[in-house]
Amino acid sequence: MTRKIKRSVCPYDCPDACGLLIEVVDGKAVKVTGDPEHPFARGTLCPKMNRYQDTVHSPLRLTQPLIRAGEKGSGQFQPISWEEAIRRIVDRWNVITKQFGTEAILPYSYAGTMGLIQRNAGHSFFYRLGASRLERTICSPAKEAGWRAVMGETPAPHPDEVAESDLVILWGINAVATNIHFLHGVKSARKKGAPVWLIDTYKTLTSSVVDQTYIVRPGSDGALALGLMYLLVRHGLIDNDFLASHVKGFKELNEKILPDFPPEKVSALTGLSTEALESMAKTYGRAKKPLIRLGSGLSRYGNGAMAIRTIVCLPALVGAYGKRGAGCFTGTSTADAFAMKEILREDFMAKKTRIINMNQIGSALNEIKDPPIQSLYVYSSNPAAVAPDQNQVLKGLTKDDLFTVVHERFLTDTARYADIVLPATSSLEQSDLYRSYGTYCIQHAKPVIPPVGESKSNWEVFCLLAKAMGFDESFFRQTADDLIDHLLSIPTPMREGIDQKAFSAGKAIEIPLPSDARIRFRTPSGKVEILNPKQAHPLPLYIPPYGGNDPFYLMAAPSFYALNSSFRERTDLRKKEGGMLLKMNPADAESKGLKDGDYVIAFNPLGEVSFILRITPDVPQGVVVAEGVWWLEYSPGPRSVNALTSQRLTDQAQGSTFYDNTVDVRHA
Ligand SMILES: Nc1nc2c(c(=O)[nH]1)N[C@H]1C(S)=C(S)[C@@H](COP(=O)(O)OP(=O)(O)OC[C@H]3O[C@@H](n4cnc5c(=O)[nH]c(N)nc54)[C@H](O)[C@@H]3O)O[C@H]1N2
Ligand SMILES: Nc1nc2c(c(=O)[nH]1)N[C@H]1C(S)=C(S)[C@@H](COP(=O)(O)OP(=O)(O)OC[C@H]3O[C@@H](n4cnc5c(=O)[nH]c(N)nc54)[C@H](O)[C@@H]3O)O[C@H]1N2
Ligand code: SF4
Ligand SMILES: [Mo]
């Protein structure tokens with residue numbers, strides 16, 4: 001028996017990017033713990049990852065290539081060899097290309113793994129092929145756009161600086177579920193006396209770790225921010241020196257926009273009382289180091305980018321930008337740590353092909369012509385479950401003339417619709433480089449166990465496909481390790497001065513923040529830009545969300561027990577969650593004649609979804625909550641939550657609007 005402890009990284013789409021220690025016995029991962037040397041996570045993991053070995057060695061893992069042997073969606077398959085699978089894919093693509101051109105082929109991928117090589121492994125291949133391109137905006141591009149409109153390329157502070165804050169505002173973030181290690185610093189701040197607030201649309205798990213929860217109407221945060229600014233001005237709580245030297249456009253905002261946001265109006269828009277607004281503004285204005293940790297929830301609305309932009313202006317009024325432990329933290333930008341263009345290889349694109357938004361894959365599969373999509377190649381994503389407007393997505397996936405290939409670890413909802421399924425390795429079986437969007441850590445992971453069954457990594461499969469297609473670029477003849485070596489041989493300013501020895505040993509190390517980051521605002525004017533003439537609305541203002549005509553706003557929020565549709569293979573986690581729930585306020589349930597535990601159907605013009613009703617005062621009237629994205633096989637009915645979410649996009653950056661939907665509810 002051989003027993004070894006090896007280092008790895010949590011590959012999931014989570015800001016924490018925890019370091020892992022994997023105990024490996026005879027080629028199997030038997031225990032997974034947090035790496036105590038990880039600078040941000042400090043040795044703890046979330047409940048999902050504590051038993052990652054149960055995911056990696058799950059009996060549900062796909063171990064062989066499969067070919068469809070029944071109706072699309074039936075989940076009936078027969079094993080085939082890798083050779084045959086690759087040959088069939090390439091043969092079919094050649095036929096499609098002859099008749100419709102290469103743009104009839106569309107890749108679909110997102111963040112099954114965050115590793116830079118495996119996540120982006122298909123880009124070079126599909127550029128070379130001339131396939132349609134995918135606009136990957138399912139997550140929170142509107143949040144980035146909102147930040148950028150005010151702060152340009154200004155880097156975020158170090159996340160642990162929150163420990164120095166004297167007022168922490170968790171705004172639209174259920175950190176206990178989605179950013180648990182940020183709470184380490186929050187706890188330290190709180191111990192030193194800093195009040196901690198949560199601003200959300202219902203009481204999430206995070207409300208149990210804060211001093212005060214403010215419940216707002218969905219999509220009204222922009223109005224809240226403007227209302228707080230109005231009161232800061234009225235009470236003389238603004239930092240005139242900071243505004244004069246470091247901010248552009250406060251005078252215009254104060255003259256043209258703020259007078260429209262007195263507390264009475266903001267109370268009506270947000271649902272917060274005028275007393276609450278007064279108290280929030282005074283506490284915020286008097287804090288010396290108030291820090292806002294902004295989640296992505298409120299960016300997933302028709303007014304998302306504007307709401308974020310408005311909130312990002314708030315710290316400027318009190319001079320919080322420029323102080324340690326204060327300001328606004330939306331996430332770190334570590335994109336320049338590695339020379340990404342060496343992975344993406346846009347230069348392989350002979351001509352710029354059309355772009356299809358991943359949030360609108362439903363319409364794209366059913367409606368797009370010239371050429372219609374004839375083949376979908378899905379990897380590192382589960383669009384049948386995670387993409388909005390599930391009825392349209394499934395209708396598209398059912399089409400006879402669509403040739404679908406799914407490269408997956410599990411037989412997901414999407415894989416069930418595939419013509420060919422290819423088994424994918426897990427992160428423990430592949431090499432990769434990791435960076436993070438919530439910390440400044442980077443890490444190099446090597447395989448710690450051999451591939452499970454016949455599974456192959458994304459990189460390996462694209463190399464096989466490239467060979468079968470006759471692509472002769474030497475790029476496609478490298479291993480993932482060759483490509484990693486190449487990237488590491490290219491120095492970048494961000495990696496300058498890192499602890500190279502620790503990095504090479506596979507430890508997580510931190511990129512040093514530029515020393516002048518704090519007061520040098522990387523915007524065209526060098527100032528915090530409340531006024532941004534490049535924007536369609538040069539000043540922030542309040543735009544209402546899309547909403548809808550049904551009585552309840554639907555919060556399609558993340559689950560504590562899963563990560564998007566990942567981890568649904570885990571019986572232990574599904575049991576703890578207690579099923580696919582719809583949470584509702586007692587008064588609303590009473591008026592609908594519904595009881596706790598009832599099977600109910602939430603519906604709107606897009607579709608109908610069955611849930612188990614959970615009645616709770618944590619949810620305000622007029623809102624219902626459906627946490628998590630369930631696989632259909634574990635859902636109470638034939639559809640899951642995204643049959644209720646629309647393909648509409650955000651006001652900027654073409655993002656998803658998962659929260660901006662309404663539903664009605666009835667007894668099943
Ligand atoms: N456990 C777990 N962790 C995850 C994920 C998961 O699914 N589960 N998903 C991962 C991914 S891909 C991402 S992008 C991140 C998600 O990160 P975020 O998108 O930041 O998700 P949350 O932390 O749940 O924050 C969203 C919160 O916004 C709230 N919200 C919705 N509408 C509004 C509004 O109008 N105003 C306000 N103030 N709040 C609103 C929701 O109720 C929810 O609590 O988390 C990652 N980590
Ligand atoms: N209702 C609702 N819908 C949502 C969300 C929500 O909170 N609520 N969140 C939205 C957000 S923020 C996001 S980012 C998207 C996420 O959408 P996705 O990125 O599609 O997220 P997952 O559901 O985690 O699916 C990832 C899949 O990749 C597979 N995978 C993992 N590693 C590998 C690998 O190395 N190779 C291959 N080939 N496959 C791999 C996993 O098995 C998994 O099935 O979902 C969005 N949809
Ligand atoms: S999902 Fe997030 S919190 Fe959990 S182990 Fe992975 S990186 Fe850490
Ligand atoms: Mo996301």
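Each ligand, and each atom within it, is numbered from 1 in the order the structure gives. Note that this is a predicted model, so its numbers are computed, not measured. One is the number of the first residue; the rest follow in order along the sequence.
- Among all non-hydrogen protein atoms, the one lying nearest atom 9 (N) of ligand 2 is Asn564 OD1, 3.0 Å.
- Using a 4.0 Å cut-off between charged side-chain N and carboxylate O, Asp660 and Arg300 make no salt bridge.
- More than 12 heavy atoms of other residues, nucleotides or ligands sit less than 6.0 Å from atom NZ of Lys456.
- Ligand-side atoms of ligand 2 in range of Thr412: 44 (O), range being under 4.0 angstrom from any heavy atom.
- Near Leu563, meaning under 4.0 Å from one of its heavy atoms, ligand 2 places the atoms 24 (O).
- Between Val386 and ligand 2, a contact under 3.5 Å exists for at least one N or O pair.
- Here is the list of ligand 2 atoms found below 4.0 Å of a heavy atom in Val641: 1 (N).
- Annotation for Lys446: atom NZ does not count as buried by contact number, only 12 or fewer foreign heavy atoms lying within 6.0 Å.
- Lys187 NZ: 12 or fewer foreign heavy atoms inside a 6.0 Å radius.
- Closest non-hydrogen pair, Val623 versus Met555, comes out as CG1-CG, 3.7 Å.
- Listed by chain and residue number, the protein N/O/S atoms under 2.8 Å of atom 6 (Fe) of ligand 3 are Cys10 SG, with waters left out.
- Under a 4.0 angstrom heavy-atom cut-off, Arg119 registers as lying outside contact with ligand 2.
- Of the protein's non-hydrogen atoms, Tyr110 CE2, 3.3 Å is the one closest to atom 14 (S) of ligand 2.
- Within the 6.0 Å centre-distance limit, the rings of Phe329 and Phe182 are counted as a close aromatic pair.
- What sits closest to atom 33 (C) of ligand 2 on the protein, heavy atoms only, is Ser380 OG, 4.0 Å.
- Under 4.0 Å from ligand 2, the heavy atoms of Asp13 that appear belong solely to its side chain.
- Look at Thr425 and you'll find a heavy atom under 4.0 Å from some atom of ligand 2.
- Protein heavy atom closest to atom 15 (C) of ligand 2, with residue, atom name and distance, is Ile138 CG2, 3.7 Å.
- For the pair Glu569 and Arg574, the salt-bridge criterion is not met [side-chain N within less than 4.0 Å of a carboxylate O].
- Remark: distances from the non-hydrogen atoms of Glu408 to ligand 2 include one below 4.0 Å.
- For Phe462 and Tyr379, the ring centers sit closer than 6.0 Å to each other.
- Among all non-hydrogen protein atoms, the one lying nearest atom 35 (O) of ligand 2 is Gln430 NE2, 3.2 Å.
- Taking atom 10 (C) of ligand 2 as the reference point, the nearest protein heavy-atom neighbour is Phe658 CE1, 3.7 Å.
- Under the 3.5 Å distance criterion, with hydrogens and angles disregarded, no donor-acceptor pair is assigned to the side chains of Asn604 and Thr662.
- Checked against a 3.5 angstrom limit, the closest N/O atoms of His407 and ligand 2 fall inside it.
- On a distance-only criterion, Arg300 and ligand 2 share no N/O pair closer than 3.5 Å.
- Closest heavy-atom approach to atom 26 (C) of ligand 2 among the candidates Ser656, Pro11, Gly112: Gly112.
- For atom 3 (N) of ligand 2, the closest heavy atom belonging to the protein is Asn642 ND2, 3.1 Å.
- At under 3.5 Å, not a single nitrogen or oxygen of Gln118, backbone or side chain, sits near a nitrogen or oxygen of ligand 2.
- Qualifying side-chain contact (heavy atoms from CB on, under 4.5 Å) partners for Pro141, counting only residues two or more places apart in sequence or in other chains: Thr137, Ala653.
- Defined by atom type and a distance below 3.5 Å, a donor-acceptor pair is present between the side-chain atoms of Asn458 and His407.
- Within the structure, ligand 2 has Val629 among the residues with a heavy atom less than 4.0 angstrom away.
- Ligand 2 has an N or O atom lying under 3.5 Å from an N or O atom of Ala111, backbone or side chain.
- When ring centroids are compared, Tyr553 and Tyr659 stay outside the 6.0 Å threshold.
- Every atom of ligand 2 with a heavy atom of Ser566 under 4.0 Å away is listed here by number and element: 22 (P), 23 (O), 24 (O), 25 (O), 26 (C), 43 (C).
- Closest to atom 20 (O) of ligand 2 among all protein heavy atoms lies Ser381 OG, 2.7 Å.
- Taking every heavy atom of Ala424 and a limit of under 4.0 angstrom, the matching atoms of ligand 2 come to 36 (N), 37 (C), 38 (N).
- With no hydrogens or angles considered, no side-chain donor-acceptor pair links Asn359 and Gln647 at under 3.5 Å.
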**Study point:** Stepwise side chain to side chain donor-acceptor pair (under 3.5 Å) test for Ser109 and Arg136
**Key:** CA-CA 8 Å; Ser109 73; Arg136 290 176 171 82; 3.0 Å; yes
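- Using cut-offs of 30° and 60° for the angle between ring planes, the Tyr12 and Tyr52 rings count as perpendicular.
- In terms of polar-atom proximity, defined here as any N/O pair under 3.5 Å, Ala556 does make such a contact with ligand 2.
- Proximity of Val624 to Lys583: side-chain heavy atoms (C-beta onward) are nowhere separated by under 4.5 Å.
- Taking only nitrogen or oxygen atoms, main chain and side chain alike, Tyr379 does not reach within less than 3.5 Å of ligand 2.
- No salt bridge links Arg570 with Glu577; every basic N to acidic carboxylate O contact stays at or beyond 4.0 Å.
- In this structure, His123 and Tyr127 have perpendicular ring planes: the angle between them is above 60°, well past the 30° mark.
- With Tyr377 as the partner, the ring pair (Phe, Tyr, Trp, His ring centres under 6.0 Å) test is satisfied by one option alone out of Phe126, Phe403, Tyr108: Phe126.
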